[in-house]
Number of protein chains: 2
Amino acid sequence: MADTAGEPVMRRTRGLDRAFEILEFLRVKRRPMRPNEIASEIGAPRSSVYELVNLLLNHGMLDYEGGDGRVYLGRRLYFLGTAYAEQFDLMRECDRMLLRLSEETRETAQMCVLEGRKYTVAMMREGLRPFRISASIGELVPLPWTASGRLLLSHLSDTQILDLIPPEDFVLPRGIRLEPGEFIAQARKARSDGFFTFNSEIENFTQCFAVPIYQPDGICTATLCLVAPREDGLNNRDRYLKSLLTAASEISEKLGYGRETPGQDLPRERTGGVRAIDTRG
Amino acid sequence: MADTAGEPVMRRTRGLDRAFEILEFLRVKRRPMRPNEIASEIGAPRSSVYELVNLLLNHGMLDYEGGDGRVYLGRRLYFLGTAYAEQFDLMRECDRMLLRLSEETRETAQMCVLEGRKYTVAMMREGLRPFRISASIGELVPLPWTASGRLLLSHLSDTQILDLIPPEDFVLPRGIRLEPGEFIAQARKARSDGFFTFNSEIENFTQCFAVPIYQPDGICTATLCLVAPREDGLNNRDRYLKSLLTAASEISEKLGYGRETPGQDLPRERTGGVRAIDTRG
DNA sequence: CCTAAAATTCTAATATACCGGACATGTATC
DNA sequence: GATACATGTCCGGTATATTAGAATTTTAGG
């Protein structure tokens with residue numbers, strides 16, 4: 001429906017949207033940038049970006065960094081993010097557990113969640129070995145690429161799973177396509193086993209272990225994971241799984257997730273469940 | 001002054017400003033709230049707040065929480081805040097050090113900074129003792145109330161210090177006024193001693209220990225602190241101070257703060273491990 | 001049930017935020 | 001010194017975001 005002639009479809013973007021676009025852009029880039037550079041890379045009017053950057057600086061949402069007119073995410077964002085994390089018992093408990101796990105195993109321990117239609121690492125404690133394995137917190141990754149993906153979706157029906165995962169996400173990093181049916185089968189098995197482990201689809205030399213943390217209603221809110229060098233992971237498989245399972249059950253215990261509380265009508269938590277998915281980059 | 005007739009000085013507030021006002025308000029309140037409640041408490045038009053809250057929800061900057069139309073800071077803020085903290089070597093190193101300090105001493109360890117004209121706790125690791133002493137990260141506190149306050153300002157001249165601190169902040173929590181001259185003298189002594197310790201102005205039964213982390217230019221970027229029950233703090237004074245001083249000097253070492261590197265503004269290599277492998281569980 | 005208050009959605013006007021584009025200022029390259 | 005490009009500032013017009021207030025729905029009592 002491209003109208004060849006006429007309609008000068010003037011579209012302005014709301015300041016708020018643009019501002020968050022800038023913040024998200026800097027988060028992905030992971031380095032301070034100049035306003036001019038930001039403007040051209042996100043394809044926004046320069047004058048708008050300059051104005052917004054100044055507003056964000058005034059609010060402490062951006063800070064000058066690198067001393068050359070470059071800006072990066074500001075300290076106030078850090079305080080807001082901390083307040084978010086403090087609010088949730090789950091995150092506080094996981095913080096403790098990740099610490100213990102990484103000390104017990106010397107491997108990198110993670111807490112992972114469903115974010116929209118993707119998987120992401122929410123918390124991480126790096127292992128103590130010389131070559132640490134690490135990932136970016138908040139980076140979105142296709143669910144089939146990850147061990148946790150099997151567990152995070154295991155409470156959904158087959159069709160719900162297929163509706164949730166974008167078809168292209170079944171193509172694994174090495175270019176091979178995973179059959180959706182196979183993925184679902186793995187998810188079912190993971191649910192009944194109470195864990196999932198495989199060698200990473202992303203990095204060939206690493207072994208991943210994931211165990212679920214369930215809410216009372218059976219939804220897998222999050223997973224605890226260990227990421228180990230392959231050899232090492234295989235040698236310690238049982239020990240690692242035991243550590244993970246113990247940690248997960250202690251968290252469930254602590255948060256009262258352990259005992260079923262079916263009586264109360266749960267007020268439809270949005271987090272963790274399938275969120276109404278809105279389209280944004 | 002009040003114009004009886006006339007000028008209808010219509011003032012609109014920019015969406016961005018109000019949006020951040022909402023976020024900050026929720027941060028201070030530290031609990032989920034309804035849009036309506038937010039609107040009336042911050043004195044903003046209801047229709048505006050409803051619209052902004054919806055925008056913020058779409059961006060993930062707010063999340064529904066408590067299942068009753070109440071909203072609180074969203075997960076995306078957490079990811080942005082994490083990205084901020086990852087960017088700075090100082091914060092990553094402090095995270096490790098706070099952990100070690102809290103394990104060595106079993107006391108609450110903090111990293112504190114100057115935020116505008118106030119003191120604030122930027123990072124914290126709670127102690128292991130049954131009655132933990134803790135504080136809210138990001139909460140602004142008058143500088144004279146804190147041990148770190150002496151160190152954070154010690155690079156300034158007398159007049160700069162007096163200009164920076166709001167006069168009313170010299171009134172301590174118990175209502176007694178601290179003479180500015182006395183505060184400055186303490187700051188000078190702290191600078192030459194390399195630490196400051198006193199029993200808290202805020203909480204009477206606690207002893208505070210603070211040591212500075214200096215940039216190459218001699219500015220005190222941050223402090224490391226221990227907060228202990230009074231009795232306990234006095235008994236272990238030397239040991240605690242030694243732990244803190246060691247930790248601070250290791251951080252300086254690691255970040256190259258130790259040797260003077262004037263003039264150069266190097267694009268730092270990330271300290272710590274080799275970040276070669278990128279894998280998710 | 002009814003009534004009142006609280007919470008939310010809708011609507012239309014208008015104050016202004018966003019944007020295009022001109023201008024100014026480096027700072028490299030030849 | 002001329003050219004090109006990157007960076008930042010400024011300004012006026014207009015598309016639209018903000019707002020007051022009305023309308024609607026939900027909740028709370030009694």
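Throughout, protein chains are lettered first and strands after them, A, B, ... in sequence-line order, and every chain is numbered starting at 1.
In summary, Asp68(A) and Arg34(A) engage in a salt bridge, as defined by a charged side-chain N under 4.0 Å from a carboxylate O.
At a cut-off of 3.5 Å, with distance as the only test, no side-chain donor of Ser148(B) or Thr146(B) sits close to an acceptor on the other residue.
Remark: the backbone N or O of Met91(A) is not paired with any side-chain donor or acceptor of Asp95(A) at under 3.5 angstrom. Listed for the Arg92(A) side chain is a donor-acceptor partner under 3.5 Å among the backbone atoms of Glu86(A). Under the 3.5 Å distance criterion, the side-chain polar atoms of Arg30(B) are left unmatched by any main-chain donor or acceptor of Ser136(B). Side-chain N or O atoms of Arg117(A) include none that pairs as donor or acceptor with a backbone N or O of Leu143(A) at under 3.5 Å. Under the 3.5 Å distance criterion, the side-chain polar atoms of Thr120(B) are matched with a main-chain donor or acceptor of Glu139(B).
Scanning residues 34-49 of chain A for heavy-atom distances under 4.0 Å to DNA chain D yields Arg34(A), Pro35(A), Asn36(A), Arg46(A), Ser47(A). Looking at residues 18-29 of chain A, you'll see Arg18(A) sit with a heavy atom under 4.0 Å from some atom of DNA chain C. In the region residues 52-62 of chain A, proximity to DNA chain D at under 4.0 angstrom, judged on heavy atoms, holds for none of the residues.
Atom-to-atom, CG of Asp17(A) to P of dT18(D) comes out at 10 Å; the value is rounded to the nearest Å. Look at CG on Leu16(A): it is 16 Å from P on dT16(D), rounded to the nearest Å. The separation between Arg14(A) atom CZ and dC19(C) atom C1' is 16 Å, rounded to whole Å. If you measure from atom CE of Met33(B) to atom C1' of dA6(C), you get 14 Å, rounded to the nearest angstrom. To the nearest angstrom, P of dG20(C) lies 14 Å from CZ of Arg11(A).
Between Phe88(B) and Tyr72(A), the ring-plane angle classifies as perpendicular under the 30° and 60° cut-offs. Ring-plane geometry between Tyr78(A) and Tyr84(B) is classed as tilted, the angle between the planes lying from 30 to 60 degrees on a 0 to 90 degree scale.
Tyr50(B) has a side-chain polar atom (N or O) that falls below the 4.0 Å cut-off from OP1 or OP2 of dT8(C).
Remark: of the listed residues Leu152(B), Asp169(B), Leu153(B), Leu153(B) is the sole one forming a side-chain contact (heavy atoms from CB on, under 4.5 Å) with Leu164(B).
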Can Arg96(B) and Glu93(B) be said to form a salt bridge (Lys or Arg N to Asp or Glu O under 4.0 Å), step by step?
CA-CA 5 Å; Arg96(B) 286 161 20 84; Glu93(B) 290 306 322; 3.3 Å; yes
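For Arg12(A) against dT14(D), a side-chain N or O and a base N or O form a donor-acceptor pair under 3.5 Å.
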